Amino acid sequence: MDVKISDAVKYIGVDDKTIDLFESQYVVPEGVSYNSYLILDEKVALMDTVDARCMDEWENKLTQALGGRTPDYLVISHLEPDHAGSIGRVLELFPDITLVGNAKTFAMLPQFFAVAPEIKMHTVAEGDTLSLGVHTLSFFMAPMVHWPEVMVTYESSEKILFSADGFGKFGALDAEDAEGWACEARRYYFNIVGKYGAPVQALLKKAATLDIQTICPLHGPILNENLGYYIGLYDTWSSYKPENTGVLVAYASIHGNTAKVAEKFAELLRARGVEKVVVSDLAREDMAEVIEDAFRYDRMVVAGASYDGGVFPCMQDFLHHLQAKAYQNRTVGVIENGSWAPCAAKTMKEILETMKNVSVVEPTVTIRSTMKDADLASLEALADAIAGA
Ligand code: FEO
């Protein structure tokens with residue numbers, strides 16, 4: 001897709017609409033873009049490459065944008081193969097190019113590519129600048145937004161922040177985005193960067209000192225309007241604050257009986273005026289979407305069937321994902337189902353108790369095989385507790 005940034009700054013990224021799973025784990029029904037940029041000045045700087053899956057298309061765009069010129073620099077924001085996958089090709093095409101990275105970049109680079117001794121490398125540190133002519137690049141380290149070597153680059157003449165994975169989003173650039181930027185940006189953020197809230201906060205503090213008019217991320221659209229909206233969401237997400245008031249009811253049901261309990265519980269919450277209740281089937285829905293919702297809302301209820309002395313595996317998997325992504329600062333209710341030895345609640349609570357500032361409210365509800373009228377009192381009591389939390 002053609003994307004206009006400015007006369008001197010060209011978008012040369014590519015859409016990948018055939019990848020089955022991004023990072024071999026995330027469904028991307030609308031694809032994903034690998035963004036790469038070219039700055040044409042007295043010196044020419046290439047800003048990252050793309051996944052090797054799309055290298056040929058990218059090379060064509062690069063060649064066209066260069067118009068016969070040769071890039072002087074390749075700035076490497078991030079070594080993950082979805083961006084660095086074509087560095088080897090750059091070195092074949094332009095053996096005199098200078099790679100620009102930080103000490104961690106160059107320590108890790110040979111793990112991915114054979115780097116010949118004659119390859120030129122320019123190591124930058126926090127705040128260093130590189131003049132291209134009219135354009136000047138300043139480099140800011142952003143370790144663990146998403147990998148340790150990540151850095152972002154600010155171009156001062158056009159006030160552009162090249163933000164690496166920050167402000168990235170699933171979805172090809174030419175895909176319809178009916179639900180707006182935040183939906184797939186949120187799923188991307190919590191599943192990929194979610195564990196690293198503190199490093200994102202540190203980056204936002206650095207970004208606050210810069211006059212930014214355009215954000216050029218490594219995935220998703222270039223942002224050049226209403227930047228406060230995007231930065232505000234990133235501040236909320238990375239500080240582990242809920243974005244919205246509401247309850248996620250996530251269930252793991254084997255034969256449908258726990259699902260009925262979850263739906264009934266959602267009804268009880270709605271009857272109590274809870275404005276937003278989302279019910280998710282962990283066995284069938286996109287886990288990444290449910291994780292996104294867990295972070296989005298201030299409360300969560302987990303309803304799980306007992307299984308093999310623990311909890312039905314999709315619930316265990318879900319809670320372990322939340323644990324890995326540093327889920328915190330939320331109120332949680334627990335419902336278990338068991339036919340002969342209910343043990344799901346104990347397993348779920350053991351995982352929840354490892355999380356920072358997650359308060360499990362009482363009562364814990366135990367259903368024996370199927371929901372009965374006698375279960376209503378305990379469900380109502382839990383609904384009162386969650387609605388009032
Ligand atoms: Fe888009 Fe962490 O790579």
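For clarity, every value in this text was computed on a predicted model and none was experimentally measured. Note that ligands are numbered from 1 as they come in the structure, with each ligand's atoms numbered from 1 the same way.
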As an exercise, state the distance from OG of S339 to CD1 of I254, rounded to the nearest 0.5 Å.
8.0 Å

How about F190 and F295: are their ring centroids closer than 6.0 Å?
yes

Parallel, tilted or perpendicular: rings of Y26 and F170 (30°, 60°)
tilted

The single option from I192, I291, D286 passing side chain to side chain contact (heavy atoms under 4.5 Å, CB included) against R187:
D286

Quick one: how many protein N/O/S atoms are under 2.8 Å away from atom 1 (Fe) of ligand 1?
4

Identify the residue among F162, Y34, Y37, W58 that makes a ring-ring contact (aromatic ring centres under 6.0 Å, His included) with Y11.
Y37

Can you name the one residue among H78, M141, M144, E80 that meets side chain to side chain contact (heavy atoms under 4.5 Å, CB included) with E149?
H78

